Amino acid sequence: MSNYRELSPSLRTIMTPGPVEVDPRVLRALSFPILGQFDPEFTSLMNETMAMLRELYITNNEWCYPVDGTSRSGIEAVLVSLIQPGDKVLVPIYGRFGHLLVEISERCGADVVFIETTWGSVFDPEEVIKAIHVHKPSLVAMVHGETSTGQMQPLAEIGKVCRELDILLVVDAVATIGGTPVETDAWHLDAVMGGTQKCLSVPSGMAPLTYNSRVEKKLLSRKTVERGLRDAASARAEGRTIASNYFDLSQLQDYWSSARLNHHTEATSMLYGLHEGLRILLQEGLDARFQRHRINERALVAGIQGMGLQLYGDLSSKLPVVTCINIPDGIDGESVRSMLLEDFGIEIASSFGPLKGKIWRIGTMGFSCQRKNVLHVLAALEAVLLRHRHGLPAGEAVQAALDVYAGKEGALC
């Protein structure tokens, strides 16, 4: 019989754009006893989670609940539930995850049109609005915070125009929710999808989302109750049935409603973790949490600039929870990342596609977004670069960050 080692993962300082470190209180919640999915104690927990998600998404929407699966499951659930074959969908692309929205929309049978801008920048909202008028889509899908490039797209003006033209605006806020404001109602966002493994500091495995009555109307027009649950009164879809059973939001909302119409067995322990993560977040307060992310971002940026490294991308549209750094000429970026991990226990990220091997990405998200982590990564990165014979002003990075924490910094970006 084989002997397997006891599971004992290494302790890391995780400074990637996700996953991030998890609050110990969330880890504790994951270990709590299992309740049945229709136990009143558990359904009360479901209702509380929905209420907390409304506060997080800054919305009055009735429907705020998680899809069981990684953040991509929430994106796919919204798109497959809304898009019927032949629907025209507009996707503005400014990084890797805009391309993902195109791919999922195409798999749903959409007639996809896209516009693309240079990676490292975002769209002037007027560019998107012009494309909306030209292409006349029924749905616009956009990324709010693009972790592949460290950029954040302004959405308010685009949302206003979409609402005036009766076009659905669907937003991937996986990287931003819980770390920077996502004004669902004020920005006229029809559906917003998030994830647990970034600024919420819960393990990957749930995709909390929200959508309004405009989306619900479309869902109900496509609704078909699962065959084994139907009765004579069950309505049949007017439109084409939603292609996925698991990601069918019209059925999922029945499960999360007072009807509790069974859809799947809820991921009990993950819901405990999400509930506790949301409780911690709201106890901190949204404004205080956003400010914490901003101050640690400013300190990190000051330190990076203090050691003479160049930031990647347009600083005027910088994503506040991800900082991208140009890898200096002559430096092996993967060698630096390996040394940070092996010698300091710190993980930072590389990037994808055209940026692979060209930039490092450092996340300051959720529980990982702490002063000690920022100072740790700056000191370690400086030491590793010196070991790689890259000349830099030793000691300046940490001092610049400490100046920020002491309130002495000037305008950084």
Side-chain angles (χ1 to χ4, degrees), residues 1-35 49 66-74 147-148 174-175 177-179 194-208 265-281 284 289 292-293 296 300 321-323 332-352 356 360-381 383-384 387:
M1 180 181 288
S2 298
N3 244 344
Y4 296 102
R5 292 179 302 164
E6 179 184 358
L7 180 63
S8 182
S10 300
L11 290 172
R12 303 291 197 200
T13 298
I14 306 179
M15 299 296 281
T16 71
V20 302
E21 297 169 35
V22 175
D23 192 301
R25 290 170 289 180
V26 172
L27 294 174
R28 180 184 63 185
L30 291 168
S31 71
F32 288 164
I34 299 298
L35 291 166
T49 301
V67 174
D68 291 344
T70 62
S71 49
R72 189 172 300 206
S73 72
T147 54
S148 68
V174 171
I177 196 68
T196 51
Q197 78 278 15
K198 297 182 187 284
C199 297
L200 301 189
S201 282
V202 176
S204 177
M206 276 192 161
T265 302
E266 187 51 53
T268 312
S269 297
M270 276 302 303
L271 189 69
Y272 294 165
L274 175 59
H275 183 280
E276 182 65 0
L278 293 171
R279 187 196 67 79
I280 292 166
L281 182 153
E284 181 178 3
R289 194 176 185 89
R292 172 166 63 83
H293 282 80
N296 284 301
L300 177 64
V321 296
V322 178
T323 297
D332 182 340
E334 290 306 295
S335 175
V336 168
R337 289 204 318 123
S338 293
M339 191 172 179
L340 282 172
L341 189 65
E342 292 166 9
D343 291 340
F344 293 91
I346 297 172
E347 184 181 5
I348 66 171
S350 56
S351 195
F352 316 101
K356 185 175 182 179
W360 294 307
R361 297 177 302 143
I362 300 178
T364 42
M365 293 178 158
F367 190 72
S368 289
C369 183
Q370 301 182 43
R371 180 183 303 199
K372 74 174 184 64
N373 283 4
V374 170
L375 297 175
H376 189 193
V377 75
L378 287 172
L381 181 59
V384 170
R387 295 292 288 185

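What you see is a predicted model; the values in this text were computed from it and never measured.
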Taking side chain to side chain contact (heavy atoms under 4.5 Å, CB included) as the test, write out the residues that go with T268, two or more places apart. I34, F42, Y272
Sorted by chain and number, sequence neighbours left out, side chain to side chain contact (heavy atoms under 4.5 Å, CB included) with L7 holds for P9
I'd like to know whether T49 forms a side chain to side chain contact (heavy atoms under 4.5 Å, CB included) with L278, so could you lay out the CA-CA distance, the side-chain angles of the two residues, the decisive distance to 0.1 Å, and finally the verdict. CA-CA 8 Å; T49 301; L278 293 171; 4.0 Å; yes
Taking salt bridge (charged side-chain N to carboxylate O under 4.0 Å, His left out) as the test, write out the residues that go with [X], two or more places apart.
X    : value
R12  : none
E334 : R337
R72  : none
R387 : none

[atom1]/[X] to [atom2]/[Y] distance, rounded to the nearest 0.5 angstrom?
X    : Y    : atom1 : atom2 : answer
F32  : H275 : CZ    : NE2   : 11.0 Å
M15  : I346 : CE    : CD1   : 8.0 Å
I348 : T13  : CD1   : OG1   : 12.5 Å
T16  : I362 : OG1   : CD1   : 10.5 Å
S368 : N296 : OG    : CG    : 10.5 Å
L281 : R279 : CG    : CZ    : 11.0 Å

With sequence neighbours left out, write down each residue that passes side chain to side chain donor-acceptor pair (under 3.5 Å) with [X], or none if nothing qualifies.
X    : result
S269 : none
T323 : K318
H293 : none
R25  : D23

Derivation and outcome, side chain to side chain contact (heavy atoms under 4.5 Å, CB included), residues D68 and M270: CA-CA 8 Å; D68 291 344; M270 276 302 303; 5.9 Å; no
Step by step, work out the side chain to side chain contact (heavy atoms under 4.5 Å, CB included) result for L381 and V336. CA-CA 8 Å; L381 181 59; V336 168; 3.9 Å; yes
Measure the shortest side-chain to side-chain distance between [X] and [Y] over non-hydrogen atoms and say whether it is less than 4.5 angstrom.
X    : Y    : result
R361 : F352 : yes
V384 : D343 : no
L271 : P66  : yes

Donor-acceptor pairs under 3.5 Å, side chain of residues 195-207 to any protein atom, not counting sequence neighbours: which ones?
{"from": "T196", "atom 1": "OG1", "to": "P203", "atom 2": "O", "distance (Å)": "2.7"}
{"from": "T196", "atom 1": "OG1", "to": "M206", "atom 2": "O", "distance (Å)": "3.4"}
{"from": "Q197", "atom 1": "NE2", "to": "S71", "atom 2": "OG", "distance (Å)": "3.3"}
{"from": "K198", "atom 1": "NZ", "to": "P17", "atom 2": "O", "distance (Å)": "2.5"}
{"from": "S201", "atom 1": "OG", "to": "E21", "atom 2": "O", "distance (Å)": "3.3"}
{"from": "S201", "atom 1": "OG", "to": "F367", "atom 2": "N", "distance (Å)": "2.5"}

